[in-house]
Amino acid sequence: MATRSYADAIEKLNSLQSNAATLDAVKASGGRLSAFAIPEMLEYLSRIGYSPEELNRLNVIHITGTKGKGSTSAFADSIIRHAMPQWKVGLYTSPHLVAVRERIRINGISISEEDFAQFFFEVWAKLEKNTKRELESTSIMPGYFRFLTLLAFHTFMKLGVDATVLEVGVGGTYDSTNIVPKPVVTGVTALGIDHISVLGRTLPEIAWQKGGIYKEGVPAFSVEQPIEGIEVLHQRAKELKASEFTIALPTPGISSIRLGLAGTHQQQNANLAVHLVRSFLRQRGHLQDISPLPPPFIRGLENAKWPGRCQTVSDSKRSFLTWYLDGAHTTESLECCVEWFVSPGIGLSSVPQSSERATRILIFNCTSGRSGQSFLETIYNKTEKLLAAYRSFSSDTAVSFFDHIIFCSNVTYADGHFKGDLTAKAISLTDLTELKTQKQLAEAWLSVVPDFPANDIHVLPSIEHAVRFIDGLKAHPAKVLVTGSLHLVGGVIEVAGISDRAL
């Protein structure tokens, strides 16, 4: 009898990943998400035994956006759990940091390896058995993200959740999550330019995609956006017959709350979450306290956790070292990351005119499809601006702020292998073996900061190489900023052995 372990499930799941050549072909084909995406996803849903209408029982808060959608989802999840402690609350997010099962949570906790494997093989077996397809374009098995979305729906249905916070993967209109006919409420976080090969190159194009999660008869929310973005979102809300379109203006008192997630940009995400949950509970008949911020909402905001986003982690094995983790991967989110790190008490001394100075190290990587040059310019320019504002806390210039910069691949281990949950087939073998992206990043940094010592730039083949390099420095104290990729952040958590503190 075949085993049904978590490791077996991950191996089968990884077989559904698209390789680099397939992804390149999609981009070259014109680069827009397929109009068949939703019909195909509905067909997969039917093959595992569910109708779209049954998903309405999950009581969904559907959230998309370019940046902050994961954080907003985490805030919303935490607020609901504190407001309704007797409920079972499902949370579906992406990507994961260390283990795939992090994507599917019940009451804030990742489902167990046993539950993941059980539900995984239930879905897998149904898809293998029910192979009849109406659309010729539909493959027997869905892709990686589609399968995980089906698995999340199946898990939440099986466990009988009272509420579901559902984060979009990419875009909105054609996203795999966008098959719930009537969520309770929908929301869009800050818009920006990302995933241009599938979403478009302009803010209005991207807004059109994101606004696709709005539904007939369902309240539609958005944070404040640039005018060209908000106009399209408003238009989409009308077109899709949302019951109302609301811009989430600041909630009185929210700015005085010490949020569970660090960074000034989290105020906007927390505020949207408050609006979404208030609407959700009001519609469900569970909003007794009409004050702007009822005590359970405040506790939810204070206790929200979202690993790998503006997160400070002390290292129990390396007492001299502190990790600063942020998976920022757009220019806008990198600005927020730098604003957080280059501040007193984080990357800078907490005391003005202090003679103590930690060794600062940057570990950076980004996918080859994203513009490394512009990302590194953002880091440098923002650092320069902040150091001018915090002159009494540091005598460093933007050139000397980091003592070492490491550009490494997202490969987990020094032997060239990935941890099973972190396997990434989307990276071309040539790129990995020749470290093309990392060498380009090193060249880009020197073009942005020509006075930076070339000997202090390190191109390394794996995350384990990077952690070993830092161990070898024996710098006391040391502050390490890891950013540019959530996959990189997850790999560092795994290799550095800080899961117990970070997750």
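We use all heavy atoms of the structure for the numbers below, so side chains are in, but hydrogens, waters and symmetry mates are not.
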* Asked: So is R103 actually on top of Y92's ring, under 6.0 Å and inside 45° of the axis?
  ->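 No, R103 and Y92 do not form such a contact.
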Answer yes if the side chains of [X] and [Y] hold a donor-acceptor pair under 3.5 Å, and no otherwise.
X	Y	value
E205	Q209	no
W340	D326	no
Q267	T264	no
T177	H62	yes
N59	K182	no
N269	Q266	yes

* To do: Report the residues that fulfil side-chain contact (heavy atoms from CB on, under 4.5 Å) with R282, sequence neighbours left out, ordered by chain and then residue number.
  =>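 Scan of R282 (side-chain contact (heavy atoms from CB on, under 4.5 Å), adjacent residues dropped) gives R278, S279, L287.
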* Got a sec, which residues hit side-chain contact (heavy atoms from CB on, under 4.5 Å) with A99, two or more places apart in sequence or on another chain? ->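 Expected list: Y6, R101, E102, D421.
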* By ring-ring contact (aromatic ring centres under 6.0 Å, His included), which residues pair with H234, not counting sequence neighbours? ->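 With sequence neighbours excluded, H234 shows a ring-ring contact (aromatic ring centres under 6.0 Å, His included) to F245, given in chain and number order.
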* What residues form a side-chain hydrogen bond (donor to acceptor under 3.5 Å, both in side chains) with Y50, not counting sequence neighbours? ->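 Partners of Y50 under the side-chain hydrogen bond (donor to acceptor under 3.5 Å, both in side chains) test: H154.
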* Is the count of non-hydrogen atoms from other residues, nucleotides or ligands lying under 6.0 Å from R258 atom CZ greater than 12? ->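 Open.
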* Check: F147 ring centroid to F120 ring centroid under 6.0 Å ->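 Yes, close enough.
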* Mind checking whether W87 and H286 have ring centres under 6.0 Å apart? ->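 Yes; H286 has its ring centre under 6.0 Å from that of W87.
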* E239: partners by salt bridge (charged side-chain N to carboxylate O under 4.0 Å, His left out), with sequence neighbours left out ->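 Partners of E239 under the salt bridge (charged side-chain N to carboxylate O under 4.0 Å, His left out) test: R236.
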* **Any pair counted as salt bridge (Lys or Arg N to Asp or Glu O under 4.0 Å), so long as it reaches residues 44-68, sequence neighbours left out** =>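 Output for this query lists E54-R57.
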